[in-house]
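Only a predicted model underlies this, so the values are computations on that prediction, with no experimental measurement involved. The sequence lines fix the lettering, A, B, ..., with proteins before strands; numbering per chain opens at 1.
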Amino acid sequence: MRSAKPLTTIGVLAVSALLLSGCSGTAETPTATDVDLRMTVWTSNEDQLAMFDSIADEYMADHPEVASVTFDPLPFEDYTTTLTTQVAGGKAPDLAWILENAAPDFVASGALAPIQETLENTKGYEFDDLNEAATALWKADGELVAYPFSTSPFVMFANDDLLKAAGQPTAAELQAQGKWNWEGVSEVGAAVNAATGKAGFVIRDFDYTTWDNLASVWMGWGAAPWSEDGASCTFDSPEMADAFAFLHDAAFVKKSMPGPGTTADFFAGDAAFTVTQISRASLLPDAGFAFDLAPLPEGPEGSYSMVGQAGIGVMAQGENTQVAAEFLAFFSNPENSEKLAQYFPPARDSQLNVDTLAAANPVLTAEQIENVVVPGIATGVVRPGHTDSAEIGQKVRAALDAIWTPDADIPAVLSSVCKAVDPLLEK
Amino acid sequence: MTTTTSTRPDRAAARSGRVSPDPALRKRRPLSYRQRDQIAGYIFVAPQVLGILAFVLIPLGLIGYFSVHEWNVLAGSFTFVGAENFERLFTDPELVPVLQATGVFSVGLVVFNLVLALLLAVMLNRKARAMTFYRTLFFSPVVVSLVAWTIVWGFLLQDDGGINGILQLVGIEGPNWLREGPTAMASVIIVQVFKNVGLNMVLFLAALQGVPQEIQEAARVDGANARTLFTRITVPLISPTILLTFIITIVGSLQVFAQVAVLTQGGPGISTTVLVYYLYQQAFLFGRFGYGSVLAIVLFAIVLILTVVQWQLRKKWVFYEN
Amino acid sequence: MRTDAIAPDVSVAGSQPEPDRHLPPRAGRQQKPKTLKQVIFYGVLSVLAIPFVFPTWWMITSSFKPINEIFSFPPTLWPANPTLEGYAEAFAVQPFGLQYFNSLYIAVIVTVGTMFVSSLAGYAFARIRFRGQNLLFMVVLVGLLIPSEVTIVPLFQIFNQLGMVNTHWPLILVSTFGAPSVLATFIMRQFFISLPGELEEAARLDGLGRFAIWWKIAMPLAKSALAAVAIFTFLHVWNLYLEPTVYLLSPDLFTLPQALTRYVDAYGGQMWNVQLAAATMTALPVLIVFVVAQKQFVEGLAQSGLKG
């Protein structure tokens, strides 16, 4: 044991010295050559990666200082953790996709380099074309630090075949009858479940753990998890209680929503309705049933829409922030934004039209795009985010679990949620 | 290295001493052996000892260092925070439930595992061809990849999964196993027991087969029935194995991670959040490396206490040791 | 809990012939209860075996089912419409072949490495007298008592500084030389302690050095202990989950357990059939090796120094 002590000291010294040197940052070299850029992404879709590569090739042809651009797919499930670990290990990518729930952490910490100046000064970029609402999440001190490359509205998909089989009105008929609201959907869903044993409506990827996906429901009740400034919890508001009462009733009484621990995959034909992002439409050609697309049903507070967002940022701890910002300016210019629109609904006002989006989503009809997608993007609200999102997410999940039992005391659980997260929000 | 030759002038004598069968001659040059053995000993244990230094003792020391710092990865800052992380430990409302969950898991696992292992071993301890077959069945989960095993149980334990399907066939409405606190904990324990009980079973089997037939016969002649035979003769005789499996199982129980991560992610609520999972969450998911280090100290303290307790048990409880 | 279920089986055996049996022949009378008990005994064993066997069975068969059949309720025992879709997808979604190779080569390197490290150290602690021996053995035993989870945070930071995060080095180095190898050293020491000293004495008189004695005399005798160490180590490394989760970031470097939990589509939705196919491919080969060599497997473990 005696010999361990000096070694420990050496270990500490070595590690701390390395840590200190790691913090000193890297000097910017304005005339960088042979730059290898790396962008972390969470898609491993080959068509999408091929498109990125073709954009990069085009850029490199005109920019000899960039030797290569690598798109590095990381698993979606722990994308943010993995990215953070790379940053911790001094292996920050030059550019990174950022999930909207991680946006506050990345924006507030200074992990992202400012890009606004570069974008504004790039010829033909048309910076002012970027949608105001879409960029709100990605600004630090009023300056843009990430480009919102995907603004994808949440919509309701319906399995018309299943609805017909259950003797229920289709989504279009429900809308025509003026019954396109959550109560109506829940009733039809309950009838489908009773008639066929399949699920009524599914909030995709909620799975009774990823609770922030429920924002697509509670927004209809005018509820929010915390105040605008993020400082105080509003889970215990009456609106939230009503929204959760609806969900609880759907899961345990009406059985219009599959209960906890039950899996129903809409795209495998196991559910009548599902709420998810429009980008999922790409799964539909394989589904093998007649489907329809509708805006989110109305809540007691009327109609509303929600969008999911993702940004591309330049990592401040990367080695070539300026070169990376210039590449981003090319990657997201009007021309490339239109190409990307095939998979990622753009945040440019001039491209939020039926023509561009119809070209991007061949599965959908022009009417569906005009009635659902365009208004969804234009009026969609991003679900509220917060710094320390991982810890808040976990705390809320843990406290909220108590609500998913048949005889839960909803207001009591919701106030316990607030009790659990208040210390984190106040920080 | 081990053949370093001595430089003494009386080398020839030493060599002749080495090959001489006469012990008296060897005793005259004990130092040369000792020295060589000393060097050989150090070289032999060096990889292991240095490994333990580098990967156990130094990190153990560093935990103390990290526990008084906070590392903000995104901002790129590493700052001294003093006792802040320790203060947090005492105000953390989740610490007590986490320690409780850890305790319940360990006790439940050890008890259920050892009892089932002993039961199976006793049942299989007879001479029949079929016993090998059953032994293979009970042991097979040990070699199935842990995560694969856990994923499959995760399917089966869903509300509409295989377990409840089977229960329904016999008219029982099964609980929603992974969604209710007590059954979720029970599920994590049971899945782990079925996975590894075969190992302890095999160790018990070997121990049972080592119990001398004569002793059992003698006891039977003295009128002992099966139960007294088992509790008074067999159990004491295999007590070293029981203690060994107890130690292995309880230390192993503190390391449970994959099962929790795959089956319940610590839920519902935090009812299955055991200490190691909590540590992982704090350090690697929430980026609180400092607090994670404090939790590691807590885990270390628990292991230390257990070790002392086991030491005491060993003295008192084990019937004999060879 | 159910010890009394078998206790009667042993105690009652042969003592009480059932009174209300009308079968006259004596031979039949004596055999009947015995066979009945046999039937009950094997019945109980078979029921007990269900939770050990059914999950594996279900995993293998379900990996050939289309996704809607996986969730059919109650579960089917045999795929009605067998498909290999899950298997094809498993390789398409992730570099599964590469991940398989990663797991395999890491496990082999660590297993062989551990056999060397632990047999050397175990031999020295058992057979060689050197100064500080007991102290060093205590130091090593610390590794047995401290779960590697305790040191994961500082280890991560050390490897991070060494630029070894997102490489296989942490997995290989820590498993071979660190805490996980201590159990192996312990097993080897227990084995070598029981070796008769005369063999070494004779070898020494033949002029063999320590290294040669270890390699030529001790190791060939230690086959069963080495087998136990190999099995333990292989299974341990094959199952590692926390460490790869912490150290490895890119899918090309993932090991199997880690890969298994990441069969999700681009939005985080679970791909059940693919996951089951991958799980089957992970579990089946080891299972087959085990069934073929189960005698050596089980007895090797049982006869290792673990007997205490």
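With a 4.5 Å cut-off on non-hydrogen atoms, B:Ile297 does not touch chain C at all. For a residue to count as touching a neighbouring chain, one of its non-hydrogen atoms must lie under 4.5 Å from one of that chain's; by this rule C:Val289 does not touch chain B. There is no contact between B:Gln209 and chain C, counting heavy-atom distances below 4.5 Å. The part of C:Arg129 that comes within reach of chain B is its backbone (N, CA, C, O), which places non-hydrogen atoms under 4.5 angstrom from that chain. Heavy-atom distances place the side chain of C:Val53, and not its backbone, under 4.5 Å from chain B. Both the backbone and the side chain of C:Val153 come within contact range of chain B, each with at least one heavy atom under 4.5 Å from a heavy atom of that chain. Within the 4.5 angstrom heavy-atom criterion, only side-chain atoms of B:Val251, from C-beta onward, approach chain C. Contact of C:Gln133 with chain B is not made at all, since no heavy-atom distance falls under 4.5 Å. C:Leu256 does not touch chain B: none of its heavy atoms, backbone or side chain, sits under 4.5 Å away. With a 4.5 angstrom heavy-atom cutoff, C:Phe159 touches chain B only via side-chain atoms. For C:Phe54, the part lying under 4.5 angstrom from a heavy atom of chain B is the side chain only. Neither the backbone nor the side chain of C:Phe137 comes within contact range of chain B; no heavy atom of the residue lies under 4.5 Å from a heavy atom of that chain. Proximity to chain C is absent for every atom of B:Met201, based on heavy atoms less than 4.5 angstrom apart. Looking at C:Leu276, the atoms closer than 4.5 Å to chain B (heavy atoms on both sides) all sit in the side chain, from C-beta outward. Contacts between B:Val197 and chain C at a heavy-atom distance below 4.5 Å involve the side chain alone, from C-beta outward. For B:Leu137, the parts lying under 4.5 angstrom from a heavy atom of chain C are both the backbone and the side chain. For chain C, the nearby parts of B:Val143 are the backbone and the side chain; heavy atoms of each come within less than 4.5 Å. Residue B:Val262 touches chain C through its side chain alone, counting heavy-atom pairs closer than 4.5 Å. If you measure heavy-atom distances from B:Leu120 to chain C, the contacts under 4.5 Å come from the side chain alone.
The aromatic ring centres of C:Phe130 and B:Tyr42 sit less than 6.0 Å apart.
Side-chain atoms of B:Gln255 never come within 3.5 Å of backbone atoms of C:Glu149 as a donor-acceptor pair (strictly under, hydrogens ignored).
The two residues C:Trp238 and B:Ser145 make their nearest non-hydrogen contact at NE1-CB, 4.1 Å. Residues B:Pro47 and C:Phe177 come closest through the heavy atom pair O-CD2, 3.6 Å. Heavy atoms only, all atoms of each residue included: B:Val152 and C:Pro55 are closest at CG1-O, 3.4 Å. Smallest separation of non-hydrogen atoms from C:Leu287 and B:Ser140: CD1-O, 3.7 Å. The minimum heavy-atom distance between C:Ala121 and B:Gln48, with the atom names listed, is CB-CB, 3.7 Å. Annotation for B:Trp149 and C:Pro51: closest pair CH2-O, 3.6 Å, computed over non-hydrogen atoms.
The choice from C:Val286, C:Leu155, C:Thr56 that makes the most heavy-atom pairs within less than 4.5 Å of chain B is C:Leu155. Across C:Val140, C:Leu235, C:Leu45, C:Val117, the residue that shares the most heavy-atom pairs under 4.5 angstrom with chain B is C:Leu45. Across C:Ala124, C:Ser62, C:Pro154, the residue that shares the most heavy-atom pairs under 4.5 angstrom with chain B is C:Pro154. Interface check for chain B: of the options C:Leu136, C:Thr114, C:Thr282, the most heavy-atom pairs under 4.5 Å are formed by C:Leu136. Ranked by non-hydrogen atom pairs under 4.5 Å with chain C, the options B:Phe204, B:Tyr280, B:Phe55, B:Phe194 are led by B:Phe55. For the options B:Leu118, B:Thr132, B:Thr150, B:Leu205, heavy-atom pairs under 4.5 Å to chain C are most numerous at B:Thr132. Between chain B and the options C:Leu240, C:Thr176, C:Leu173, C:Val291, heavy-atom pairs under 4.5 Å are most frequent for C:Leu173. Comparing C:Gly143, C:Ser118, C:Ser181 by how many heavy-atom pairs each has under 4.5 Å with chain B, the most go to C:Ser181.
In this structure, the side chains of B:Leu146 and C:Tyr241 stay at 4.5 Å or more apart for every pair of heavy atoms. No side-chain heavy atom of C:Gln258 sits under 4.5 Å from any side-chain heavy atom of B:Val147. Contact of the C:Phe290 side chain with the B:Thr136 side chain is registered, since non-hydrogen atoms from C-beta on lie closer than 4.5 Å. Side-chain contact between C:Ile152 and B:Leu279: present, with at least one pair of heavy atoms (C-beta onward) separated by less than 4.5 Å. Annotation: side chain of C:Thr245 is not in contact with side chain of B:Phe284 (no heavy-atom distance under 4.5 Å).
Relative ring orientation between B:Phe138 and C:Phe52 is described as perpendicular, the plane-to-plane angle rising above 60° on a 0-90° scale split at 30° and 60°.
The distance from the CD1 atom of B:Ile52 to the CG atom of C:Leu141 is 9.0 Å, given to the nearest 0.5 Å. Here CZ of B:Phe155 is found 5.0 Å from CD of C:Gln275. Values are rounded to the nearest 0.5 Å.
Between B:Asp37 and C:Arg210 a salt bridge is recorded (basic side-chain N to carboxylate O distance below 4.0 Å).
Stacking of C:Arg127 on the aromatic ring of B:Phe44 is not recorded, the 6.0 Å distance cut-off and the 45° axial limit not both being met.
Residues meeting the side-chain contact (heavy atoms from CB on, under 4.5 Å) test with C:Thr280, sequence neighbours left out: C:Met59, C:Ile60, C:Ser63, C:Tyr87, C:Leu284.
Atom CZ of C:Phe116 is surrounded by 12 or fewer heavy atoms from other residues, nucleotides or ligands within 6.0 Å.
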